[in-house]
Structures are given as structure tokens and as C-alpha cells.
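The shown structure was predicted, so the numbers you read here are calculated from the model rather than taken from an experiment.
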Amino acid sequence: PQAAPLPGESWAALLGATSGAAASGHEHLFCEVGQSRAVFTQRHRLIFSPQIKPIAKGGSTDVRHNYQAHRHHPAYWRPLQLYNIHADPDEQRNVLDSRAVSHELQRLRALLAAHLSDA
């Protein structure tokens with residue numbers, strides 16, 4: 001017997017299986033993993049992780065003894081991260097401080113803030 005269809009929408013277009021976000025009617029996608037929240041567009045990903053704060057910055061996360069992700073992912077312990085996923089698909093260069101993306105950063109922050117305030 002065939003399984004019943006699952007409720008929801010296919011993300012295939014957003015993931016590039018067809019012609020992209022324009023075909024699906026979506027310009028951005030929100031994601032939540034643990035305490036982290038993110039918004040994706042076809043070009044950028046903004047990650048907000050307010051609970052990640054190393055001891056050196058006044059937080060409680062000891063990066064010397066906890067998971068050593070920053071060895072392979074330099075911006076892992078930054079609570080706000082922005083990546084150009086076209087130019088940097090492995091998300092190794094946090095472009096958060098780049099003036100070239102300041103408008104996009106403001107736009108994505110506003111989208112994420114609006115989404116979180118509705119949650």
C-alpha cells in the first residue's frame with residue numbers, strides 16, 4: 001500500500017531541485033536548530049545563536065574544553081554569523097562585518113526579528 005501524503009510544502013525548489021525560490025514563491029526560509037535560529041535566502045544565511053557566548057566575552061561557554069568546532073569553523077562561537085553561500089558554500093568566512101553586505105544584513109536581521117516576534 002502507498003503511504004499517505006505528508007502535510008506541508010515541498011522544499012525541493014528552495015534546494016535547487018527545480019528553478020529555485022521564484023518557482024516556489026518563497027524568497028527566504030527560516031530554520032531552527034537547538035538554540036540557534038537562521039534565515040536563508042538563495043545567496044545568504046544569517047545565523048543567530050544568542051546562547052553561544054565564550055567565557056572570554058562574559059559568557060559561560062568554555063571553548064577550550066567544550067566542543068572544538070571553532071577549529072574547523074572559525075566563527076562557530078560568534079552569536080551572529082552571515083555567510084554568502086554562493087561564494088562560500090562551506091560557510092568558512094563570516095562576512096558579518098563586510099560593508100558590501102550591510103544592506104543585506106539589515107534586511108535579514110529584520111526578517112528574522114519579525115519571524116521571532118511572531119513565534
Decide if atom NE2 of H86 counts as having more than 12 heavy atoms of other residues, nucleotides or ligands within a radius under 6.0 Å.
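Enclosed.
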Please list, chain by chain and in numerical order, all residues satisfying side chain to side chain contact (heavy atoms under 4.5 Å, CB included) with S102, sequence neighbours excluded.
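With sequence neighbours excluded, S102 shows a side chain to side chain contact (heavy atoms under 4.5 Å, CB included) to no residue whatsoever.
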Which pairs count as salt bridge (Lys or Arg N to Asp or Glu O under 4.0 Å) when at least one residue sits in residues 35-44, sequence neighbours excluded?
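Salt bridge (Lys or Arg N to Asp or Glu O under 4.0 Å) check on residues 35-44 returns E32-R37.
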Going from [atom1] on [X] to [atom2] on [Y], what distance comes out if it is rounded to the nearest 0.5 angstrom?
{"X": "Y83", "Y": "Q92", "atom1": "OH", "atom2": "CD", "result": "7.5 Å"}
{"X": "L29", "Y": "Q42", "atom1": "CG", "atom2": "CD", "result": "11.0 Å"}
{"X": "L108", "Y": "H44", "atom1": "CG", "atom2": "NE2", "result": "7.5 Å"}
{"X": "L112", "Y": "H28", "atom1": "CG", "atom2": "NE2", "result": "10.0 Å"}

The test is side chain to side chain contact (heavy atoms under 4.5 Å, CB included); show your working for R45 and I47 and say whether it passes.
CA-CA 6 Å; R45 178 168 101 151; I47 304 167; 2.9 Å; yes
Are R93 and N84 side-chain neighbours, meaning at least one heavy-atom pair lies under 4.5 Å?
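When only atoms from C-beta onward are counted, N84 and R93 do not touch, as no gap falls below 4.5 Å.
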With a 4.5 Å heavy-atom cut-off, do L46 and L111 have their side chains touching?
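A side-chain contact is absent here, since even the closest heavy-atom pair is not under 4.5 Å.
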Can I85 and E91 be said to form a side chain to side chain contact (heavy atoms under 4.5 Å, CB included), step by step?
CA-CA 7 Å; I85 54 180; E91 298 178 7; 3.5 Å; yes
Give a yes or no on whether the backbone of Q81 and the side-chain of N94 come within a donor-acceptor separation of less than 3.5 Å.
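No: the side chain of N94 does not pair with the backbone of Q81.
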With R107, which residues qualify under side chain to side chain donor-acceptor pair (under 3.5 Å), at least two apart?
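Result, side chain to side chain donor-acceptor pair (under 3.5 Å) vs R107: E104.
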Verify side chain to side chain contact (heavy atoms under 4.5 Å, CB included) between L116 and F48, making sure each step is shown before the conclusion.
CA-CA 11 Å; L116 293 175; F48 176 57; 4.3 Å; yes
